[in-house]
Amino acid sequence: MTTVEYIQEHEFKSFLSQNNLVVVDFTATWCGPCKMVSPLMDKLAEEFKDRAKVVKLDLDQNQSVAKSLGIRSIPTVIFFKNGEPLEKIVGVVAYEKFSAALTNIL
């Protein structure tokens with residue numbers, strides 16, 4: 001199973017520009033619901049590994065990104081295509097909602 005890697009704030013914009021389709025899990029180590037979403041992101045990364053990049057960004061260490069995107073609660077998962085946010089899912093939801101959102105964007 002794929003384990004989703006963390007990126008840092010300074011990598012964020014270049015990562016979006018270098019990859020056509022990116023799913024970002026905005027999370028924090030202390031966040032209980034985030035821990036529930038984490039294995040779903042691993043599964044998403046595995047299922048869509050040839051078509052999308054899935055990464056995590058810890059908001060405790062990268063607060064300016066959260067402010068710029070208007071993130072007020074976590075977990076928040078945002079789907080980007082060509083650097084533009086297309087869909088946002090907030091909270092713990094079923095895996096199928098994440099995979100359906102990504103499939104619709106593809």
Side-chain angles (χ1 to χ4, degrees):
M1 173 81 77
T2 302
T3 300
V4 176
E5 295 181 18
Y6 281 88
I7 61 169
Q8 299 301 314
E9 191 168 66
H10 66 277
E11 303 170 282
F12 184 70
K13 286 186 179 173
S14 65
F15 194 84
L16 290 182
S17 67
Q18 293 169 5
N19 296 283
N20 180 42
L21 190 55
V22 179
V23 180
V24 183
D25 176 12
F26 295 92
T27 186
T29 55
W30 51 263
C31 169
C34 297
K35 292 175 184 168
M36 296 169 67
V37 168
S38 184
L40 304 180
M41 291 299 104
D42 292 344
K43 184 175 178 183
L44 196 69
E46 181 69 28
E47 183 177 339
F48 291 90
K49 66 182 169 196
D50 297 328
R51 297 175 282 169
K53 294 283 186 184
V54 181
V55 294
K56 295 180 185 183
L57 195 126
D58 188 321
L59 291 185
D60 284 339
Q61 300 168 8
N62 304 286
Q63 294 179 0
S64 69
V65 173
K67 287 179 185 173
S68 69
L69 293 170
I71 296 172
R72 298 183 184 271
S73 62
I74 53 175
T76 294
V77 176
I78 301 180
F79 299 79
F80 294 87
K81 186 167 188 176
N82 300 321
E84 295 297 317
L86 294 183
E87 175 129 14
K88 180 191 293 188
I89 298 174
V90 179
V92 179
V93 298
Y95 174 77
E96 291 73 25
K97 186 160 183 178
F98 294 117
S99 63
L102 193 47
T103 300
N104 289 339
I105 292 169
L106 289 169

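Keep in mind the model is a prediction, meaning the values are calculated, not measured. Sequence positions, counted from 1, serve as the residue numbers for this chain. Note: hydrogens, waters and symmetry copies are ignored here, and every other heavy atom, side chains too, is used.
- Under the 4.5 Å side-chain heavy-atom criterion for grouping Ile, Leu, Val, Met, Phe, Trp and Tyr, Val24 is not connected to Val90 through any hydrophobic cluster.
- Counting Ile, Leu, Val, Met, Phe, Trp and Tyr side chains that sit under 4.5 Å apart, directly or through other members, Met41 shares a hydrophobic cluster with Val4, Leu21, Val23, Met36, Val37, Leu40, Leu44, Phe48, Val54, Val77, Phe79, Leu86, Ile89, Val92, Val93, Tyr95, Phe98, Leu102, Ile105, Leu106.
- For the ring-ring contact (aromatic ring centres under 6.0 Å, His included) condition, the pairs that include at least one residue of residues 3-26, sequence neighbours left out, are Phe12-Phe80.
- Atoms NZ and CG, from Lys81 and Asn19 in turn, are 13.5 Å apart once rounded to the nearest 0.5 Å.
- In terms of modelled atom types and a separation under 3.5 Å, the side chain of Ser38 and the main chain of Lys35 share no donor-acceptor contact.
- Annotation: the span from Leu16 atom CG to Glu84 atom CD amounts to 9.5 Å, rounded to 0.5 Å.
- Put simply, OG1 on Thr3 and NZ on Lys56 are 8.0 Å apart, with the number rounded to the nearest 0.5 Å.
- Going from atom CD1 of Ile78 over to atom CG of Leu69 covers 4.5 Å, rounded to the nearest 0.5 Å.
- Here side-chain hydrogen bond (donor to acceptor under 3.5 Å, both in side chains) pairs that include residues 63-79, with residues two or more places apart or in two chains, are Glu9-Ser64.
- With rounding to the nearest 0.5 Å, the separation of CG in Asp60 from CD1 in Ile74 is 7.0 Å.
- Here CD1 of Ile7 is found 11.5 Å from CG of Asp58. Values are rounded to the nearest 0.5 Å.
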| request: Using the side-chain contact (heavy atoms from CB on, under 4.5 Å) rule, take Asn20 and Asn82 through it: C-alpha gap first, then chi angles, then the decisive distance, then the call. | output: CA-CA 5 Å; Asn20 180 42; Asn82 300 321; 2.5 Å; yes
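- Between the side chains of Lys43 and Ser99, no donor-acceptor pair of N or O atoms lies under 3.5 Å.
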